[in-house]
Amino acid sequence: MSGITYLRGDATVPSVKGVKIVAHVCNDIGGWGKGFVLALSRRWPEPEAAYRAWHRDRAAGGFGLGAVQLVQVERYVWVANMIGQRGIRTGSKGVPVRYEAIDTALDRLAGHARELDASVHMPRIGCGLAGGTWSRVEPLVEERLVRRGIPVTVYDHA
């Protein structure tokens, strides 16, 4: 029995009260332009601008696999840019998803969620363009967030 709530809908429009963090996985090469980030950018310009600046200043800004950048987009809504993907292409080196980086990022996200007393909302992170499988990601979400008492909702786009 999963402690995750699953809904059909748009993860950029979480319909619960209180502080919310919309979490998603980014790549480690500064690419932003396909997948869930398009929905984010349509709704708020800040996450993309912050991600691009973070990548540009990566030597000083802690940018890298497992890192998390929190960007406030509304009074009670934050976006978590989580670096959990090496590159953007599936090829001879396999899929871009890095489960260990997602695990680290989720652990860091838990700290932010606790500080803000926030619920976490996400698509099936790491399972779209990153090429991961939910059967590998779901236990990480359970372990790092749900077992720490952080409410998590996963959205499947209608």
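What you see is a predicted model; the values in this text were computed from it and never measured. Note that the numbering runs from 1 along the sequence shown for the chain.
Within 6.0 Å of CZ in Arg148 there are more than 12 heavy atoms belonging to other residues, nucleotides or ligands. For Arg89, the CZ atom is loosely surrounded, since the number of other residues' heavy atoms within 6.0 Å does not exceed 12.
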Given the rule in the side chain to side chain donor-acceptor pair (under 3.5 Å) test, do Trp32 and Ser41 qualify, once you have shown the distances and angles that lead to the verdict? CA-CA 9 Å; Trp32 182 291; Ser41 290; 2.8 Å; yes

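Here the two rings, on His24 and Trp78, have centers that are 6.0 Å apart or farther.
If you take CG on Asn81 and CG on Leu70, they are separated by 8.5 Å, rounding to the nearest 0.5 Å.
In terms of modelled atom types and a separation under 3.5 Å, the side chain of Glu46 and the main chain of Glu48 share no donor-acceptor contact. A donor-acceptor pair is defined here as one N or O able to donate and one able to accept, closer than 3.5 Å; such a pair exists between the side chain of Glu142 and the backbone of Gly3. No donor-acceptor pair closer than 3.5 Å links the side chain of Glu143 to the backbone N or O of Leu145. Distance alone, capped at 3.5 Å, is enough to place a donor-acceptor pair between the Lys20 side chain and the Gly18 backbone.
In this structure, Thr12 and Leu40 have side chains that are in contact, with non-hydrogen atoms separated by less than 4.5 Å.
Between Tyr51 and Phe63, the ring planes lie tilted relative to each other; the angle falls in the 30° to 60° range.
Look at Asp107 and Arg144 and you find a salt bridge, because one of the NZ, NE, NH1 or NH2 atoms lies within 4.0 Å of a carboxylate O, short of that distance.
Between Ile150 and the choices Val120, Leu109, Val141, the side-chain contact (heavy atoms from CB on, under 4.5 Å) rule is met once, by Val120. Of the residues listed (Leu7, Val152, Val16, Val154), the one engaging His121 in a side-chain contact (heavy atoms from CB on, under 4.5 Å) is Val16, and it is the only one.
Gly9 approaches Tyr155 most closely through the heavy-atom pair O-CB, 3.7 Å.
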